[in-house]
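These notes are about the structure you will find just below.
Proteins get letters first, then strands, A, B, ... in listed order; numbering begins at 1 in each. Just so it is clear, the model here is predicted, and its values are computed rather than measured.
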Number of protein chains: 2
Amino acid sequence: MARDLIDLLWRDHPDAPRGGARGPRARVTTSQVVDAAVALADTEGLAAVTARRLAGDLGLSTMSLYTHVGSRDDLLVLMADAVHAAAPRPPHTEDDWRARVRRVAEANLALHTAHPWLLEVTDQRTALGPGTIAKYDHELHALDPMGLSDVDRDAALTFVLDFARAAARARRPDPHAARMAESWPETGRRLAAYLGADHPLAQRVGAAAGAANNAAYNPEAAWRFGLARVVAALAPLTE
Amino acid sequence: MARDLIDLLWRDHPDAPRGGARGPRARVTTSQVVDAAVALADTEGLAAVTARRLAGDLGLSTMSLYTHVGSRDDLLVLMADAVHAAAPRPPHTEDDWRARVRRVAEANLALHTAHPWLLEVTDQRTALGPGTIAKYDHELHALDPMGLSDVDRDAALTFVLDFARAAARARRPDPHAARMAESWPETGRRLAAYLGADHPLAQRVGAAAGAANNAAYNPEAAWRFGLARVVAALAPLTE
DNA sequence: TGTTACCTTGTACATCGTACATAGTTTTGC
DNA sequence: GCAAAACTATGTACGATGTACAAGGTAACA
């Protein structure tokens, strides 16, 4: 199979180099490897996606993987592009750009919620993949009614996506945070002892924000706050 | 020395457990370990901060490090708190909240530019450190003139910091991107061949944004665009 | 029927974090 | 003074990880 990342990203394209039909047929396709990796990362986190584990899941020997993907870094790019390609792209029916922007943000929050490991994939080569490009195109079209210049349109979309990404990061269950919450009575007590009466504002606001965060309703409230801010941020551009 | 993360974070506090003066005096302090780790990460990236390398830089055996820091994960938290503690906190003199918000954003961009590895430290226990809390307090005070509720004040600050963080991420020189840029003539040609005439909007906007990005002036322009958006986003809150 | 091209596999290596046992060094309590 | 206690420093070792490399097997082409 091809080793080159670009050809692997575009492996479903008619012009992509097909595997010459000599030797034995591959027991798995690159797409099967990528799908298995995505499934594994979704359920057990990106750290579980090791060559040995993934090969085991696929019934292959460890090194056979490298016939299909090139390297682990390449695999991460392929995984990201796969979930980008699979993300729904409903037609933009609404006229109101605000509603469209909200939909884009919500779709990205949903994407990162379904695949939290996306936050750990920062490889810029992801932009070369067909799924990522299709997603980019679809989201650019969401901003059609705003009448922006090309550069501003890109910048505005980046602004929305960065917000969604940051919100997803804040929601992500961190293993360290989990252990921290578990022993919070003790930890909080000691922290309070060190803090004393210093930074009263930080203590008060932090407590308020923390209480709001723990109240079950809050992630949604925080999201709506941010989303309203994003819409307000973009409004001046449309005048 | 103490092994517990909280005690290490607060090691300069009068109430922190001092090392009982029995055995030989430690050849390095925890602060020296953390400072050396920060210096190493600043110059060679976080991946270079390994136990063996760091110990070597300090003239210690590998395992001696663990007398001073507990674990690598703990070390990352200590590093983040150290740079938070060292960040300048000039008094907020301006009355205009917009100017104050811009200063906060710029300070955070500068922080992440000086220490790009901060983007890789996502451990939530960082919030327990004195440097991080002092930074939080100072930045909350920047928003004093806005007259926000506690919860909104925290959310507004989060909004600003997330923006700065995303901007820093976009600017960060990625090793993969560097190699990509190097061989771009070839890569771009093949990508164009695959893309053909599909996604014309993405191609046009992507090209425009890419051109603007490569024009040396741009990072600054993109930053100003985003910063103006952030200020516009927060303006409705002050009415 | 080679020959060629491809897939699969096993072995091996460098590197990582760090558990653990050991040994050395200084203060403390008698 | 001296043993005990508390502390630091070190070396060895283990289980992971990514992946280079060589060898072997298998199907289609000449």
Side-chain angles (χ1 to χ4, degrees), chain A residues 1-5 7-8 11 16-33 37 40-41 44-79 120-121 123 175-176, chain B residues 1-5 7-8 11 16-33 37 40-41 44-79 120-121 123 175-176:
Chain A
M1 241 305 180
R3 320 288 314 281
D4 187 83
L5 178 58
D7 289 333
L8 284 180
R11 62 194 178 279
R18 290 279 161 280
R22 288 285 172 96
R25 254 204 297 288
R27 296 223 298 255
V28 300
T29 65
T30 296
S31 294
Q32 283 171 349
V33 172
L40 184 54
E44 302 187 33
L46 200 55
V49 180
T50 70
R52 285 166 241 261
R53 171 66 193 275
L54 185 54
D57 285 6
L58 288 162
L60 291 179
S61 84
T62 304
M63 289 310 291
S64 274
L65 274 191
Y66 289 93
T67 305
H68 307 288
V69 296
S71 74
R72 186 176 191 270
D73 283 356
D74 284 10
L75 175 62
L76 298 189
V77 173
L78 294 168
M79 290 168 65
E120 299 170 57
V121 181
D123 196 317
H176 284 298
Chain B
M1 241 302 180
R3 321 285 315 283
D4 188 83
L5 178 58
D7 290 332
L8 285 180
R11 61 195 180 277
R18 290 280 160 278
R22 289 284 173 96
R25 254 204 297 289
R27 296 223 296 256
V28 300
T29 65
T30 296
S31 294
Q32 283 171 347
V33 172
L40 184 54
E44 302 188 32
L46 200 55
V49 180
T50 69
R52 285 166 240 261
R53 171 66 192 277
L54 185 54
D57 286 5
L58 287 161
L60 292 179
S61 83
T62 303
M63 290 310 291
S64 276
L65 274 191
Y66 290 94
T67 305
H68 308 286
V69 295
S71 73
R72 186 175 192 269
D73 282 356
D74 283 10
L75 174 63
L76 298 189
V77 172
L78 294 168
M79 291 167 65
E120 300 170 55
V121 180
D123 197 317
H176 285 298

May I have the distance from [X] (atom [atom1]) to [N] (atom [atom2]), rounded to whole angstrom?
X       : N      : atom1 : atom2 : result
A:Leu65 : C:dC6  : CG    : C1'   : 17 Å
A:Leu60 : C:dG10 : CG    : P     : 11 Å
A:Leu58 : C:dC7  : CG    : P     : 15 Å
A:Arg25 : C:dA5  : CZ    : C1'   : 15 Å
B:Arg18 : C:dT26 : CZ    : P     : 21 Å

Taking all non-hydrogen atoms of both residues into account, name the closest pair between B:Met79 and B:Ala41 and its distance.
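Heavy-atom minimum between the residues: CE-CB, 3.7 Å.
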
Specify the closest pair of heavy atoms between B:Glu44 and B:Ala48, including all atoms of both residues, with the distance to one decimal.
CB-CB, 3.6 Å

Taking atom NE2 of B:His68 and atom CZ of B:Arg27, what is their separation to the nearest 0.5 Å?
8.5 Å

Spacing of B:Asp123 atom CG and A:His176 atom NE2 [to the nearest 0.5 Å]:
4.0 Å

So, is [X] close to the [N] phosphate, meaning a side-chain N or O under 4.0 Å from OP1 or OP2?
X       : N      : value
B:Arg27 : D:dT10 : yes
A:His68 : C:dT8  : yes
B:Ser64 : D:dT10 : yes

Side chain of B:Arg22, base of C:dT28: donor and acceptor closer than 3.5 Å?
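No, no donor-acceptor pair under 3.5 Å.
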
What string of B, S and - do you get for nucleotides 15-25 of chain D, 5' to 3', when a contact is any protein heavy atom under 4.0 Å?
--BBBBB---B

Decide yes or no for A:Asp73 and A:Leu5: does some side-chain heavy atom of the first lie under 4.5 Å from some side-chain heavy atom of the second?
no

Look at the side chain of B:Arg72 and the backbone N and O of B:Val49, then say whether any donor-acceptor pair between them is shorter than 3.5 Å.
yes

